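The structure displayed is predicted, hence computed values, not measured ones.
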Amino acid sequence: MKRKSLFALLMALVILAGALPTAASAADSAPALRSEAVVCLWEAAGSPAPSGTEAPFTDVALSAPYAAAVRWAAETGLTDGTGGGCFSPDGHVSRAQMVAFLWKQAGKPASSAALPFSDVAADAWYAPALRWALENGLIDASGSFAPDAEVTLSDLQALLAAADAGELLAQLQGSYVELFPEMSLEKYVPVWSEVLLPYCSSAEELGQYYQMFTLRFMGTQYGADAIAAFADDPESAVFNCFFLHDIARFTIDGTTISGVDAGGTERFRHSYHYVQDLPVTYFGMELPAAMHVYESDDAQADAFRYFAFSDDTPGETYHLEFRYGASLENLANYTEGDYAYWLASAIPADYDDATMRDCISLFVTENLGEAAEDVDVFTTIAGESGTSYSNLFSVILDARYDAIWHDAIAAVTGAEQADAYAQRLKGAISAELYGPDAVAAYAESGGYAFDCWFINGAERFTFRPDLSATVTMTDGTQQTWQYEPLGTHLMGEGETFLFQGTEFSMATEGELYRSTEPAGEFSYLFFLPDTMETTYHLEFRYGSDPEALMGYMKGPYAYWLAAAIDADADLETITKVIRLFCLENLDYSQRSAASLSQIGELIGTWDADMSEFGAAYADVTLYFTIDETGHGKTWMNGVLTTEFDVYAYESAPGRGVYVAYELASGEAEGADYTLETDAQGRTVLTLMAADGTIRYVKRAG
């Protein structure tokens, strides 16, 4: 499995500015048991399943939690036990035993390193392992070795980290050039297009993704200049991923690292040894990643004294990420200090086109996820055993749901105007006119409304995963047809409409299906992207002329779009679809004075209760503020992440509807909220949104 690269983590943070860290647990200072040591080695190897099922030692029961690890260690030769058929799982681990464990796991490599310790005989049973450990920088050569001294769990973890770091340097052998200039070469633009295409709905969007993936990591600023430039807008941060100090190519050869400039002149060459791991820090948060630091003892090393490598290797992620500098201070801090907003990204100098393709593909999937597979939309809306759909508006316009409409709208318009706005919204999609009659009527008036009812005598549609559909007519008769897919088509191409003072394109992609036998006005079905899973409803068209179905505001189907809902939809789903409809269609550019009066109880500073997210987020601070004008700001670890206008309406004492209209994106998000007083007398605001629930505590004063 390929590990996620640091620049993938950084891209997610730069773009989303919302990822939370994973805190490392404190290392246990208790002496390590032999069973614990073997489990650590086993887990470091990926917890492979042992091939045998019998216990290799008499004092290790098959039911023991470490039994699999011990069986694996015996099978791979990591341990022969302590004699007499025993393993001694509760025995403590000595320094000599731990070095032997690591040496065996590395494959017992030969080494001729000298043994500088006065307390180690040249023919000691662990001498070959110790020579290897010295050669790879796992053991400090100064002082004594103390072979019988007990190893703590923290010692064990440090040795494992050092062993991994030594192995990492061995995997990085070779020469490297800068990654992003190579990725951006003109010859690789078709590769980017091919890889990004499944994620994009238009050529414009594809171009935007390409710019985002390349230029976001090709900035020229870093350090203090970048900190100053991005202070007011962290989400605009651009990383410098070039090599510093005029290095054009790095070469790693054994424990030697060297670099040459563009003219081929060698600028440095030093020997390095591993010293420690440093956690990666981003805006004060520790990320679930570390940099492996190597140091040169050469007094002339200067700006190249320390190299800090991420876990990425050409074999794993096709590239390499690292930093280097004269000091360890802030070397792994991505937003503070001399190295802020800089991460050198490299690719082997001898890379080929296949490697670059793999690198680009991994880069995209790490940041966007796996591209959605082509799933037949008919099958999606049909579900596993078929789904029946009723007309959406005949359901949500029922007077039983007027209170839901009222609450959702009042959050923006205020309670006094909510009913009037509700009638306006309902009327916009309940027109009786469509087709040529609507085109003629709206041409004269300048205004328009859509007919979103089922037409041609249909009352209910039942879609099945075998691509069949049954239409139930208003007279109770039914007819079933089989359909076949005709692919993706574009509806409303070249058409526009005016909404809230802005002109929008009507062009929308959808999936077209054709009946396998004549079906009159039900011969073609055209489904838009909305489904019950995404928007709690379904939008589609049907008719006898597929080309006419693509005309949204012209032709026989103009100003008509059938809207449907699962015939078995419950109250929760009906509530969600009404609220979504209001969120998408209300004008947030102006608020009524009445709506502002509703936010009084929400004015102040609200601290997120991070305890429910566990100890990993103990050092994360998340809060938002709302002032008297309804303007809100969200902060994470002292960094401003979003600004919004808030709309709220109390539907009952202590309960209400909350809508945040984000200013940067122009999008609105809604949630239910409750206000309560907890046992400590604090005011607690609970926001219950579609993507989860989170509690906030009002800050005193």
With a 4.0 Å cut-off on N to O distance, would you call [X] and [Y] a salt bridge?
{"X": "Asp402", "Y": "Lys426", "answer": "yes"}
{"X": "Asp407", "Y": "Arg655", "answer": "no"}
{"X": "Arg464", "Y": "Asp466", "answer": "no"}

Would you please indicate yes or no on a ring centroid separation below 6.0 angstrom for [Y] and [X]?
{"X": "Tyr623", "Y": "Tyr696", "value": "no"}
{"X": "Phe526", "Y": "Tyr524", "value": "no"}
{"X": "Phe213", "Y": "Phe363", "value": "yes"}
{"X": "Trp405", "Y": "Phe581", "value": "yes"}
{"X": "Tyr389", "Y": "Phe461", "value": "no"}
{"X": "Phe522", "Y": "Trp481", "value": "yes"}
{"X": "Tyr513", "Y": "Phe378", "value": "yes"}

Is atom [atom1] of [X] surrounded by more than 12 heavy atoms (other residues, nucleotides or ligands) closer than 6.0 Å?
{"X": "Glu547", "atom1": "CD", "result": "no"}
{"X": "Lys554", "atom1": "NZ", "result": "no"}
{"X": "Glu384", "atom1": "CD", "result": "no"}
{"X": "Phe283", "atom1": "CZ", "result": "yes"}
{"X": "Glu484", "atom1": "CD", "result": "yes"}
{"X": "Glu493", "atom1": "CD", "result": "no"}

Under 3.5 Å, is there a donor-acceptor pair between the [X] and [Y] side chains?
{"X": "Ser544", "Y": "Glu521", "result": "yes"}
{"X": "Arg460", "Y": "Thr470", "result": "no"}
{"X": "Asp570", "Y": "Thr573", "result": "yes"}
{"X": "Glu676", "Y": "Thr686", "result": "no"}
{"X": "Thr629", "Y": "His631", "result": "no"}

Practice item. Please lay out, stage by stage, how Leu525 and Tyr483 fare under the test side chain to side chain contact (heavy atoms under 4.5 Å, CB included). Key: CA-CA 9 Å; Leu525 300 174; Tyr483 290 84; 3.7 Å; yes
To the nearest 0.5 Å, atom CD1 of Ile455 lies from atom OH of Tyr542 at 5.0 Å
Test ring-ring contact (aromatic ring centres under 6.0 Å, His included), reference Phe450, set Tyr434, Tyr552, Trp560, output is Tyr552
Closest non-hydrogen atoms of Glu509 and Pro529, given as atom of the first, atom of the second and distance, are O-CD, 3.4 Å
The side chain to side chain contact (heavy atoms under 4.5 Å, CB included) partner of Leu433 among Tyr442, Tyr559, Tyr448 is Tyr442
